Amino acid sequence: MTEIFKMEYGQEPENFWQEETAVGVVEIILILVVLISLVLIFKKQLTALVRGIFSKINSAAADIY
């Protein structure tokens, strides 16, 4: 049985369950999906926040010059 498994998958059955290279990719994709959906949900609030911050920066920079 283990010879057939090794020929098909290229590794011992014990090592097959310890292989976790794709787990990191799936986690990163899920995190990106959550972040993108949060940005889409709170788009108006984030836009207002960024505009407010930049207007404060511009007014402070205008006071310096």
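Bear in mind that the values here come from a model prediction, so they are computed numbers and not experimental data.
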Is there a path from [X] to [Y] through hydrophobic residues (I, L, V, M, F, W, Y) whose side chains come within less than 4.5 Å of each other?
{"X": "V34", "Y": "I28", "value": "no"}
{"X": "L38", "Y": "L30", "value": "no"}
{"X": "I36", "Y": "I41", "value": "no"}

* Asked: Considering all heavy atoms of both residues, which atom of L46 and which atom of V39 are nearest to each other, and what is their separation?
  ->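 Smallest interatomic distance, heavy atoms only, reads CD1-CA, 4.1 Å.
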* **side-chain contact (heavy atoms from CB on, under 4.5 Å) partners for I31, two or more places apart** =>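 With sequence neighbours excluded, I31 shows a side-chain contact (heavy atoms from CB on, under 4.5 Å) to L35, given in chain and number order.
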